[in-house]
Amino acid sequence: MPSAPLVAAAVGARVSLRPNLSLLADRCATPRALARVHAAMIVSGRLAEDAFAASRLLTAYAALSPDPAAAALALLSSLPCAPNSFMLNTTLRVLASSPDPAAAFPFFSRLRVTGALAPGRHTFPFLLKAAARLPLPLPVTEQLHALAVRHGIHLDAYVANGLVRGYSVAGRLRAARRVFDGVPERNAAVYTTMVSAYAQNGRHEDAMAAFDEMVRVGFEPGGAALASVLSACARSASGGLEMGRHVHDLMVARGMAVGTILGTALIDMYVKNGAIKEAFAVLDGLPERHVPGAWNALISGLAHHGHSERALDLFRRMQQEGVPPNATTLVGALSACSHPGLLDEARRLFRSMEKDFGITPGIQHYGCMVDLLGRAGLLSEAEDMIRRMSCEADTMIWGALLTACKNHGGIEIAERAAVEMLKLDPSNHGVYVVLSNLYAEAGRWQDVDKLRKEMKGARLSKIPGASAVDGDGSLEQPESPPPQGNVLV
DNA sequence: TTAGGGTTAG
C-alpha cells in the first residue's frame, strides 16, 4: 500500500499521470513503483470511479508481490468502491494458485452468501483449479460440477477443462472422459488437459490418441501437450517410438524451439524406447546444456536399459563439461551401479555426494545403496544404513532389505525389517509371506505356525480379492474418499 | 481495452 510521502508525491503529478495510470500499473517492475501508481490513482479519484483501472492494479499487485494472495486481498479490502466480478475472479485465480488453494473456498462462499459475485464462466475455472490442488480433489470437484450444472455453464470449454482436470487428478478418468466427450465446442486447453490426464494416469495409448485427434482437428499443440504425449510415448507398451518420432517431426516442421523441458521429454522418449543414438543426438543439439535435466533423462534411461557403463560415462562427461549434477543425477548414476552390482563405484559416488556436489542423500539414494548392499549379502550394513538415514524410511526401502534377507537367509534382520514395514503399512500381508517362507526354509515350523495365527488375528488371510479394474480396463478408485463436508456452503 | 489450459528427468 502507498505511504504518505508517495501519496504526496503523486498529488504533484496528478494532472500528467491521470490518463495513463492503468497502463502504468502494467509496466511497473517493482512493488515500490506500483505503490506510486496506486497512490496517484487514489489522489486522482481514478481508483474509485474506474473499475478497469482498479482491476489492472490488482493484477499488477498480484504479479509483483511475494505473497500474491495477501496482496490481492489487501487491495480488495482497501478499495473505496465495491469490487467488480473481474477483480473477484482474479482474486480467486490468485488464491487458487497460491500455496494454500483451500483459501479460495471460504472466500468464494462469502462472495456467494453476500451476493457480491454471481459465479460465471470465469469463476469456475479458478475454483476448479483450486479443487484440483487439494489433497482430496474429488468431493469439491463434484460439488463444483453440480453447481456449474445449476448455472448452466458446465459445457463451457474452460469450465469443462477444469472439471476434466479435477476428475483426472482424483483418478476418476471415466468421469473426466464423460465431461470431455460432452463438450460441444472443445478448445486447445481441454484437449491438452485430456492428453495430460491420460498420460498421468498411465493410459498411454489413450493419451496418444487424444493428441492425434487434437492435431487432426486443427489445434496447435503447445509445450504441455507435447511434453505429455512424449511422456506417454516413453512409457507406452507399443507404438511409442513411432508416435514419438512423429511428434518430434511435427516440432521440427513447425520450427518449435526445443528447450530443456521438451528436450528432456524427447530424450526420455527415445532412450526409453531403446533409440539411444537419437537420444544422444537430441542432447547434443540442445542449446541449453548447462542444466542437468536433459542429462539426467539420458543417464537414468541408460541405467534403466542396463547400459551402466554408458550411463556412468555420460555422468563423467557431464562433469567434464561443467554441468553440476543434482539429486536426480545421482539417483541415475547410483542406479547405473545397481544393475551390474558395482558396489565399490556406488560407495565412492555416495560418499562424494555431499563432499563434492553438496547434495544431501534422499530416500532414493539410500534405496540404491540398500539394494546394492543387500544383493552383496551385506545385510547388517544395509540395515545400519537405513537406521542412520537422515530421512524417514518407507516400505520400499525396508522391502528391499527384506528381499535381500530372503535371498541371503538373514532371519533376524528380516524379522526387524518386517516389524518396521508393518508399522508403516499394517495391511501388507506380503511381509508375512516372505517371513513365513524364511522360517519354513530354516525348518522353524513353530514360527511358521505362530505367524499364521498372527495373520489370522490381523485378519490378513481373508482379504477379499477385490479388483480396481473396470470392465473397460480403466483403473478407478474403488471407494470414495472420506466425506469432507460441503466447502461451498 | 482487463480473466480461463497444460509440461520433462527419479
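Since the model is a prediction, treat every value here as computed from it, not as a measurement. Atoms considered below: every heavy atom in the structure, side chains included; atoms not considered: hydrogens, waters and symmetry mates. Chain letters run A, B, ... following the sequence lines, proteins first and then strands; every chain starts at 1.
For S85(A), the side-chain atoms get nearest to dA3(B) when compared with the rest of dG4(B), dA3(B), dA9(B). Of the candidate nucleotides dG4(B), dG10(B), dT8(B), dG4(B) has the atom nearest to the side chain of R121(A). When distances run from any side-chain atom of Y158(A) to the nucleotides dG4(B), dT8(B), dG6(B), the shortest one goes to dG4(B). If you check dT1(B), dA9(B), dT7(B) against the side chain of S196(A), the one that comes closest is dT7(B). Nearest nucleotide to the side chain of T193(A), out of dG4(B), dG10(B), dG5(B): dG5(B). Comparing dA9(B), dG6(B), dT7(B) by their closest approach to the side chain of T264(A) singles out dA9(B).
Checked by distance alone, T192(A) brings a side-chain donor or acceptor within 3.5 Å of a matching partner on the base of dG5(B). Evaluation of atom-type donor-acceptor distances gives a pair under 3.5 Å for the side chain of D156(A) against the base of dG4(B).
Using bins of under 30°, 30° to 60° and over 60° for the plane-to-plane angle, the ring pair F180(A)/Y191(A) lands in the perpendicular bin.
Using a 5.5 Å limit on the distance between ring centres and a 30° limit on the angle between planes, the aromatic ring of F86(A) counts as stacked on the six-membered base ring of dT2(B).
At a threshold of 4.0 angstrom between heavy atoms, the contacts of G293(A) include nucleobase atoms, whether or not backbone atoms are also involved. Nucleic acid contact class of A327(A) (heavy atoms, under 4.0 Å, all strands): none. Across all strands, N89(A) comes closer than 4.0 Å to base atoms (heavy-atom distances).
Phosphate contact (OP1/OP2 of dT8(B), side-chain N/O of K272(A), threshold under 4.0 Å): absent. Side-chain nitrogen and oxygen atoms of K129(A) include none within less than 4.0 Å of the OP1 or OP2 phosphate oxygen of dG4(B). For dT1(B), neither phosphate oxygen OP1 nor OP2 lies less than 4.0 angstrom from any side-chain nitrogen or oxygen of R56(A). Side-chain N/O atoms of R165(A) include one lying less than 4.0 angstrom from OP1 or OP2 on dT7(B). Close to dG6(B), at under 4.0 Å from its OP1 or OP2, lies no side-chain N or O of Q200(A).
The side chain to side chain donor-acceptor pair (under 3.5 Å) contacts involving residues 82-104 of chain A comprise N89(A)-T123(A), where partners must be two or more places apart or lie in separate chains.
Between R289(A) and D284(A), at least one side-chain nitrogen of the basic residue sits less than 4.0 Å from a carboxylate oxygen of the acidic one, meeting the salt-bridge criterion. Note on R235(A) versus D268(A): salt bridge recorded, some NZ/NE/NH1/NH2 to OD/OE distance being below 4.0 Å.
When all heavy atoms of C28(A) and V37(A) are compared, the closest pair comes out as SG-CG2, 3.7 Å. Considering all non-hydrogen atoms of both residues, V282(A) and H248(A) come closest at CG2-CE1, 4.1 Å.
We find that CG of L144(A) is positioned 18 Å from P of dG4(B), with the value rounded to whole Å. What separates CD of E288(A) from C1' of dT8(B) is a distance of 13 Å, to the nearest Å. If you take CZ of F315(A) and P of dG10(B), they are 16 Å apart, rounded to a whole angstrom. In this entry the distance linking CE of M251(A) with P of dT7(B) reads 16 Å, nearest Å. I267(A) places its CD1 atom 12 Å from the P atom of dG10(B), with the value rounded to the nearest Å. Per the geometry, CZ belonging to R93(A) stands 13 Å off C1' belonging to dG5(B), to the nearest Å. Between F211(A) atom CZ and dT7(B) atom C1' the separation is 12 Å, expressed in whole Å. Rounded to an integer number of Å, the gap from CZ of F52(A) to C1' of dA3(B) is 12 Å.
Contact of the Q143(A) side chain with the L147(A) side chain is not registered, since no non-hydrogen atoms from C-beta on lie closer than 4.5 Å.
Within residues 224-237 of chain A, the residues having any heavy atom closer than 4.0 Å to DNA chain B are, in order of number, A224(A), A227(A), S228(A), R235(A).
A side-chain donor from one of D371(A) and S338(A) sits under 3.5 Å from a side-chain acceptor of the other.
Partners of P325(A) under the side-chain contact (heavy atoms from CB on, under 4.5 Å) rule, at least two apart in sequence or in another chain, are F315(A), M318(A), Q319(A), T329(A), L330(A), F357(A).
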